[in-house]
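Quick notes on the structure that follows.
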Amino acid sequence: MFPSRAQANHRSPPRAQVGRWIEPHRLPPYPSRSMSSPLRVRIAPSPTGAIHLGLARTALFNWAYARGRKGQFVLRLEDTDRARSTRESETAIIEGLRWLGLDWDEGPELGGDYGPYRQSERIDRHRELMGSLMETGHAYACFCTSERLSEVRERQQAANETPRYDRCCREIPIEEAQVRAASGEAFAVRFKVPTGQTGFQDLVRKEVVFENGEIDDWVMVRQSGDPTYNFVVACDDADMEITHVLRGEEHLVNTPKQVLLYAALGVSAPVFAHLPLLLGKGRKKLSKRDGGVSLSDYRDQGYPREAILNFLCMQGWALDGETDVFDLATFVEHFDLEDVSRGGAIFDFDKFLWLAGEYLHKETDEVLAEHCLPFVVDAGLFNEVDLRARWDWYLSVIAMEKERIRIYSELPGRMAYLCAPDDQVEYLPKAEKGARKHEGRTQTLTDYLAWLPEHSSKPSAELAEETKAWLAEREQKIPLLFQPLRCALTGLPGGPDLFEVMDALGQAATLDRIRAGVERLA
RNA sequence: GGCCCCGUCGUCUAGUCUGGCCUAGGACACCAGGUUUUCAUCCUGGCGACAGGGGUUCGAAUCCCCUCGGGGUCACCA
């Protein structure tokens, strides 16, 4: 049969199944997919890193498609690359998707009727299917060495041909192959691509057809005994009765290989839907160099969760061409694969920020305060206990600064001036310049400092009116006082109503800051 | 390079299947004006696209052909 050299030293379970011929008719039966069987979709991320925005989008579309059609959504971990797969990444993916608000019906941490849900744990089944495919003549052992393979590739490239396997081992008689394998010669298993054409239904791109002559006799199982992605993904999708495969367009060219495999396995292929790629600035696949490509980047920067979800919905899909802001329920209700756009689109970071602001501004002060709290603490402005002890004050700051921030992490920068020492408020150049352009600033500020204590106990709106009246009496324009005052109080060129700022500062700090301002702006 | 996918304002997108309602709509960005003590918000306005060329048709963003452009993929990675 086909024991391999790898059998002895490979750390995976013994390959007992490999050489066990299974009669085709004894293949474990695949449940037939009748019209009444439920729609089943899945995502199959490899746990090798953080959640990329593309994965988040794919997950969201799968989830919405299932939820909108009473289907089931499955999470399966593609951990075939053992060197790169980690449990930390697995946990991060599960937590990240949960944080987004997605839920799935079956998964590695949940179990389900089609488990296990880690590809590495399905290895016996993959070997079983490999064996039967060899038995039925759909796959064959390839004894070529990697040296020979690269030689062939180089020769093809030199001749300007498409590099592909020359099918050298394809016609080796099965008896001979068995003898060579038994003698310990290493081999990989390749799929025997038939002649003809392979087409499939793609709900986004209609029908797609490939010439089989263009398809390589691809490797299903490596010499090491490890199956490859194209092999296991189709096996698992078949076993799990996945009915619709929604994934990124980079997988489009893999699809005919998988479709051929389904046919060899004797099962019908699922319906596909290849989603347009998320692109970076240069119209190339969005990658790390584009910055901020992980879901966690946005969570950590304080993008509202609903804004992230909403924006993800718009990556390849539009509600009506008019409405940009809509919730998940609306998405689930209206989402259809036929409406997914075909062209890849550049990820618009500007619009994302804008949308974040739309959601942030809709939050109540209380909710926003909670969302911003960790960022304020992280910035070192307050510890949580102190901040909670003066919650009403914090809420007033939130109300005051709300319209100027779009993401939670922007608050600490906006309110930092409130925490500065009163004689050392950092004056931004633009603010100081604006203050200094008024000739009578020092005198006006000094006079105001004298006038203020008797009036500052009044509500801010009233104080504002009285201050303006005071200025009118002196026949002075408003900016003459307000610009130096703003600089003294906040050091910023813009910001909330000055009298609300005074409220937040308190009388003592207000007076101290004006006093310091008289000197510093002299 | 082969194969495959795609092509509407700077960007995202509606309209394309089922030609006429398109003088091509909306949003972000940008610019100008208004509101405001400033910034922000908000309001008003502006800028700005059917890749190109041939057909078919009374009529084409929409159907057909060609060209050009962009992307994806060509592993014993996933």
Side-chain angles (χ1 to χ4, degrees), chain A residues 44-46 48 78-81 83-85 119 142 144-146 149-150 153 157 160-165 186-190 202 204-206 208-211 213-216 218-230 232-233 248-256 274 276-277 279 281-285 311 314-325 338 341-355 357 361 401-406 414 430-431 434 464 467-468 471 477-483 485-487 490 492-499:
Chain A
S46 50
T48 53
E78 211 100 339
D79 59 345
T80 47
D81 186 338
R84 292 196 301 143
S85 298
Q119 219 149 45
C142 169
C144 293
T145 60
S146 58
L149 257 20
S150 45
R153 193 172 309 129
Q157 275 164 346
N160 231 328
E161 290 168 24
T162 305
R164 79 179 70 155
Y165 181 56
F187 66 95
V189 178
R190 288 181 184 270
D202 189 302
V204 174
R205 283 146 229 281
K206 307 298 163 214
V208 183
V209 181
F210 288 79
E211 291 293 332
E214 300 293 336
I215 306 171
D216 208 1
W218 51 284
V219 171
M220 287 168 33
V221 180
R222 303 182 180 91
Q223 280 188 5
S224 67
D226 291 325
T228 62
Y229 165 79
N230 278 119
V232 292
V233 76
E249 196 194 327
E250 68 265 33
H251 291 289
L252 190 62
V253 293
N254 283 326
T255 309
H274 288 94
L277 258 19
L279 270 25
K281 266 281 171 282
R283 288 215 151 269
K284 295 200 186 299
K285 265 203 301 189
F311 199 63
M314 300 196 285
Q315 302 309 304
W317 185 82
L319 179 57
D320 54 11
E322 305 269 313
T323 315
D324 283 326
V325 184
E338 324 261 339
S341 48
R342 287 170 289 280
I346 295 176
F347 194 81
D348 192 340
F349 294 96
D350 282 338
K351 193 162 182 174
F352 194 9
L353 232 202
W354 164 80
L355 190 64
H361 296 149
E401 295 288 358
K402 191 177 187 175
E403 64 200 16
R404 257 165 299 273
I405 63 175
R406 288 101 98 216
R414 289 287 342 166
K430 207 175 165 191
T467 298
K468 285 176 193 168
L471 279 167
K477 297 256 198 244
I478 286 171
L480 172 62
L481 170 67
F482 281 47
Q483 278 196 295
L485 188 55
R486 178 172 297 282
C487 181
T490 71
L492 304 172
D497 178 86
L498 275 180
F499 302 92

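In what follows, every chain begins at residue 1, and chains take the letters A, B, ... in the order their sequences are listed.
- Using a 4.0 Å heavy-atom criterion, one finds that K206(A) contacts no nucleic acid atom at all.
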Evaluation steps, ring pair (Phe, Tyr, Trp, His ring centres under 6.0 Å), between F499(A) and F482(A): CA-CA 10 Å; F499(A) 302 92; F482(A) 281 47; 5.7 Å; yes
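- Distance E214(A) CD to G72(B) C1': 15 Å, rounded to the nearest Å.
- Nearest heavy atom pair, residue P163(A) against residue Q157(A), reads CG-NE2, 3.9 Å.
- Comparing G26(B), C76(B), C4(B) by their nearest atom to the side chain of K351(A) picks out G26(B).
- Annotation for L471(A) and I478(A): closest pair CD1-CA, 3.9 Å, computed over non-hydrogen atoms.
- Within the 4.0 angstrom heavy-atom criterion, only backbone atoms of the sugar-phosphate kind lie near K285(A); the bases stay farther away.
- For R164(A) and G2(B), the CZ to P distance is 13 Å, given to the nearest whole Å.
- A donor and an acceptor atom never sit less than 3.5 Å apart when one is taken from the side chain of D216(A) and the other from the base of A75(B).
- The nearest heavy atom of RNA chain B to K468(A) and to E322(A) marks one nucleotide each, and the one closer to the 5' end goes with E322(A).
- The CZ-P distance, from F311(A) to A29(B), rounds to 11 Å in whole Å.
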Under the 3.5 Å Watson-Crick or G-U criterion, the dot-bracket string of RNA chain B, with | for inter-strand pairs: (((((((..((((......[....)))).(((((.......)))))....(((((..]....))))))))))))....
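- Heavy atoms of C142(A) sit nowhere under 4.0 angstrom from any nucleic acid atom.
- Heavy atoms of D350(A) sit under 4.0 angstrom from primed sugar atoms or phosphate atoms, though from no base atom.
- At a threshold of 4.5 Å between non-hydrogen side-chain atoms, the residues Y229(A) and H251(A) count as touching.
- Exactly one residue among V325(A), L355(A), L319(A) makes a side chain to side chain contact (heavy atoms under 4.5 Å, CB included) with M314(A). That residue is L355(A).
- Rounded to whole Å, the separation between the P atoms of G48(B) and C9(B) comes to 14 Å.
- Note on L277(A): only backbone sugar-phosphate atoms sit closer than 4.0 angstrom, heavy atoms only; bases stay farther off.
- Between G53(B) and C31(B), the two P atoms lie 33 Å apart (nearest whole Å).
- Rounded to whole Å, atom P of C12(B) lies 9 Å from atom NZ of K281(A).
- Contact annotation: the side chain of T467(A) never approaches that of L498(A) to less than 4.5 Å [non-hydrogen atoms, C-beta and beyond].
- In this structure, the CZ atom of F347(A) is 17 Å from the P atom of C28(B), given to the nearest Å.
- Following rounding to the nearest Å, D320(A) (CG) and G26(B) (C1') show an atom-to-atom distance of 9 Å.
- Here A188(A) lies in heavy-atom contact (under 4.0 Å) with a base.
- Side-chain proximity of H251(A) to the nucleotides C76(B), A78(B), G70(B) is greatest for A78(B).
- Side chains of R283(A) and I346(A) form a contact here, defined as non-hydrogen atoms less than 4.5 Å apart.
- Across every non-hydrogen atom of R414(A) and L492(A), the tightest pair is NH2-CD1, 3.8 Å.
- For the pair W354(A)/F311(A), no side-chain contact is recorded, criterion being any heavy-atom separation below 4.5 Å from C-beta on.
- Nucleotides C50(B) and U8(B) are separated by 11 Å at their P atoms, to the nearest Å.
- Closest approach to the R283(A) side chain among U11(B), A78(B), C76(B) is made by U11(B) (side chain taken as heavy atoms from C-beta onward).
- Salt bridge absent: E249(A) and R342(A) never bring a charged side-chain N and a carboxylate O closer than 4.0 Å.
- In this structure, of U11(B), A78(B), C76(B), it is A78(B) that holds the atom nearest to the side chain of R84(A).
- Across the P atoms, U11(B) and U67(B) are found 25 Å apart, a figure rounded to whole Å.
- Distance from the side chain of D348(A) is smallest to U11(B) among C5(B), U11(B), G1(B).
- Contact record, H274(A) with L252(A): ND1-CD1, 3.2 Å, taken as the closest heavy-atom pair.
- Straight-line distance between the P atoms of G72(B) and A29(B): roughly 28 Å, to the nearest whole Å.
- Proximity note for D81(A) (side chain, C-beta onward) versus A78(B), G71(B), C28(B): the nearest is A78(B).
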Protein proximity profile, nucleotides 38-52 of chain B - base contact B, sugar-phosphate-only contact S, no contact -, cut-off 4.0 Å on heavy atoms: BBB------------
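- RNA chain B is contacted by both D324(A) and E211(A); E211(A) maps to the nucleotide lying nearer its 5′ end (nearest heavy atom per residue).
- Here C76(B) presents its P atom at 11 Å from CG of N230(A), a figure rounded to the nearest Å.
- Across the P atoms, U57(B) and U62(B) are found 16 Å apart, a figure rounded to whole Å.
- R404(A) contributes atom CZ, which lies 9.5 Å from atom NE2 of H361(A) (distance to the nearest 0.5 angstrom).
- Residue K284(A) has its side chain nearest to G72(B) when only G26(B), C76(B), G72(B) are considered.
- Annotation: A61(B) and U16(B) have their P atoms spaced 13 Å apart (nearest Å).
- Contact annotation for S146(A): no contact, since no heavy-atom pair falls under 4.0 Å across all strands.
- Taking atom C1' on both nucleotides, A32(B) is separated from C22(B) by 28 Å, rounded to a whole Å.
- Residue R205(A) contributes atom CZ, which lies 19 Å from atom P of U16(B) at whole-angstrom precision.
- Here U13(B) is the nucleotide among C76(B), A78(B), U13(B) with the atom lying nearest to any side-chain atom of A345(A).
- Contacts of S341(A) with the nucleic acid, taken as non-hydrogen atoms under 4.0 Å apart, involve only primed sugar atoms and P, OP1 or OP2.
- In this structure, T80(A) reaches the sugar-phosphate backbone alone: every heavy-atom distance under 4.0 Å involves primed, P, OP1 or OP2 atoms, never a base.
- For the residue pair I215(A) and P256(A), the shortest heavy atom distance occurs at CD1-CB, 3.7 Å.
- R190(A) has no side-chain polar atom (N or O) that falls below the 4.0 Å cut-off from OP1 or OP2 of A75(B).
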